[in-house]
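Accompanying notes for the structure given below.
Computation of the quantities below employed the complete heavy-atom set of this structure, encompassing side-chain atoms and omitting hydrogens, waters and symmetry-equivalent molecules. If you're wondering where the values come from, they're calculated on a predicted model, not measured in any experiment.
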Amino acid sequence: MPATRYPVRVHGHLEPGLSRWLWLVKWLLLIPHYIVLAFLWIAFFVLSIVAFFAILITGRYPRPIFTFNVGVLRWTWRVSYYGYSALGTDRYPPFSLADHPDYPATLRVDYPDHLSRGLVLVKWWLLALPHYLIVGVFVGATYWATARSGEWVQVNVPGLIGMLVLFAAIALLFTGRYPGTIFDFVLGMNRWALRVAAYAALMTDAYPPFRLDNGEDEPGDLQMSSAEARPQ
């Protein structure tokens with residue numbers, strides 16, 4: 001029996017022959033993307049509020065808003081994959097909300113025919129809270145603490161993804177190779193974070209699994225492909 005796959009599917013193909021030094025300037029190359037994404041995420045937030053009320057009243061996520069918001073997540077994942085959430089490719093990400101299957105980083109979310117009107121009230125803050133704590137460890141967190149002087153100071157805690165990608169970048173610089181074990185773990189953490197992002201954005205009622213699905217491909221997709229290829 002084919003495995004049931006999660007409706008948010010994140011893939012990333014580690015391309016061979018990565019440049020040893022390009023990662024040093026990718027922050028500069030990505031500035032145009034960061035500017036565009038800042039505006040896209042403002043629109044994402046506003047449209048998610050509209051979708052919230054639409055789901056609450058009708059039980060459906062407006063299709064045009066869903067398509068746009070998935071596009072923002074998809075664009076963000078491509079930029080993150082090229083940049084410092086993975087460094088998995090040297091191919092510059094396209095300026096597009098559309099799916100680009102030929103790009104080494106892809107993200108797809110199945111459109112839900114119906115969403116719970118009750119869950120929409122609690123899933124994005126209460127139900128997702130345990131995942132937020134875990135994802136905070138993965139991607140890093142910022143919080144405020146009281147110093148001895150009594151003043152509030154901002155404390156930035158780096159995430160596991162950033163630290164491991166830095167180790168991979170140093171290995172790439174000196175050896176020309178991206179450690180495969182680190183890459184698989186980084187993909188697993190990114191996949192977890194993106195599943196939670198889609199759930200919190202009300203795109204699915206399927207609760208994100210508490211597991212690291214490491215590697216380039218979604219395990220559910222691989223199992224389904226094997227089952228589909230099996231003679232009936």
Who passes side-chain contact (heavy atoms from CB on, under 4.5 Å) against [X], sequence neighbours left out?
{"X": "Trp41", "result": "Leu37, Phe44, Val72, Leu73, Thr76"}
{"X": "Ile57", "result": "none"}
{"X": "Val36", "result": "Leu40, Trp75, Phe95"}

Hydrophobic cluster membership, with links at side-chain heavy-atom distances under 4.5 Å among I/L/V/M/F/W/Y: are Trp192 and Leu133 in one?
no
In terms of hydrophobic clusters joined by side-chain contacts under 4.5 Å, are Ile42 and Ile49 together?
no
Between [Y] and [X], is there a side-chain heavy-atom distance shorter than 4.5 Å?
{"X": "Ile55", "Y": "Leu202", "answer": "yes"}
{"X": "Met203", "Y": "Val8", "answer": "no"}
{"X": "Phe138", "Y": "Leu212", "answer": "yes"}
{"X": "Leu194", "Y": "Leu107", "answer": "yes"}
{"X": "Pro112", "Y": "Thr204", "answer": "no"}
{"X": "Pro209", "Y": "Arg195", "answer": "yes"}

For salt bridge (charged side-chain N to carboxylate O under 4.0 Å, His left out), just list the numbers for Asp99 and Arg78, CA-CA rounded to whole Å, side-chain angles, deciding distance to a tenth of an Å, and then say yes or no.
CA-CA 10 Å; Asp99 185 25; Arg78 287 194 295 252; 5.2 Å; no
Using modelled atom types and a 3.5 Å cut-off, is there a donor and acceptor pairing between side-chain atoms of Glu216 and backbone atoms of His11?
no
Donor-acceptor pair, side chain of Tyr178 and main chain of Gly17, under 3.5 angstrom:
no
Exercise answer: donor-acceptor pairs, residues 157-173 side-chain atoms, under 3.5 Å, sequence neighbours excluded:
none

Does anything in residues 167-191 form a salt bridge (Lys or Arg N to Asp or Glu O under 4.0 Å)? List the pairs, not counting sequence neighbours.
Arg191-Glu218
Which salt bridge (Lys or Arg N to Asp or Glu O under 4.0 Å) pairs, counting each pair once, include a residue from residues 123-138, with sequence neighbours left out?
Lys123-Asp205
Only pairs under 3.5 Å count here: list side-chain donor-acceptor contacts from residues 85-93, not counting sequence neighbours, and write none if there are none.
residue, atom, partner, partner atom, Å
Thr89, OG1, Glu15, OE1, 2.5
Thr89, OG1, Arg91, N, 3.0
Asp90, OD1, Lys26, NZ, 3.1
Asp90, OD2, Ser19, N, 2.6
Arg91, NH1, Asp102, O, 2.9
Arg91, NH2, Asp102, O, 3.4
Tyr92, OH, Leu29, O, 2.6

Any idea which heavy atoms bring [X] and [Y] closest together, and the distance?
{"X": "Gly83", "Y": "Leu30", "answer": "CA-CD1, 3.8 Å"}
{"X": "Gly12", "Y": "Phe183", "answer": "O-CZ, 3.6 Å"}
{"X": "Gly59", "Y": "Arg117", "answer": "N-NE, 3.8 Å"}

Suppose we screen for side-chain hydrogen bond (donor to acceptor under 3.5 Å, both in side chains). Which residues come up paired with [X], at least two apart in sequence or across chains?
{"X": "Trp77", "result": "none"}
{"X": "Trp27", "result": "none"}
{"X": "Tyr61", "result": "Asn69"}
{"X": "Arg60", "result": "none"}

Report yes if the distance between the aromatic ring centroids of Tyr82 and His33 is under 6.0 Å, otherwise no.
no
Aromatic ring proximity Tyr207/His131, centre distance under 6.0 Å:
yes
Passes side chain to side chain contact (heavy atoms under 4.5 Å, CB included), Asn214 versus Leu187? Steps please.
CA-CA 6 Å; Asn214 295 342; Leu187 254 292; over 6 Å; no
Apply side chain to side chain contact (heavy atoms under 4.5 Å, CB included) to residues Tyr199 and Leu127 and explain how you reach the verdict.
CA-CA 10 Å; Tyr199 180 79; Leu127 298 182; 3.5 Å; yes
OH on Tyr103 to OH on Tyr81, rounded to 0.5 Å
8.5 Å
To the nearest 0.5 angstrom, please state how far the CZ atom of Phe52 sits from the CG atom of Leu115.
12.5 Å
For Asp110, all residues meeting salt bridge (Lys or Arg N to Asp or Glu O under 4.0 Å), sequence neighbours excluded:
Arg9
Is the number of heavy atoms from other residues, nucleotides or ligands under 6.0 Å of Tyr34 OH greater than 12?
yes
Quick one, Arg74 with Leu97, criterion side chain to side chain contact (heavy atoms under 4.5 Å, CB included). Give me CA distance, side-chain angles, the key distance, then yes/no.
CA-CA 7 Å; Arg74 184 179 291 133; Leu97 295 168; 5.9 Å; no
Are Arg63 and Tyr111 in a cation-pi setup, meaning NZ or CZ lies under 6.0 angstrom from the ring centre and within 45 degrees of the ring axis?
yes
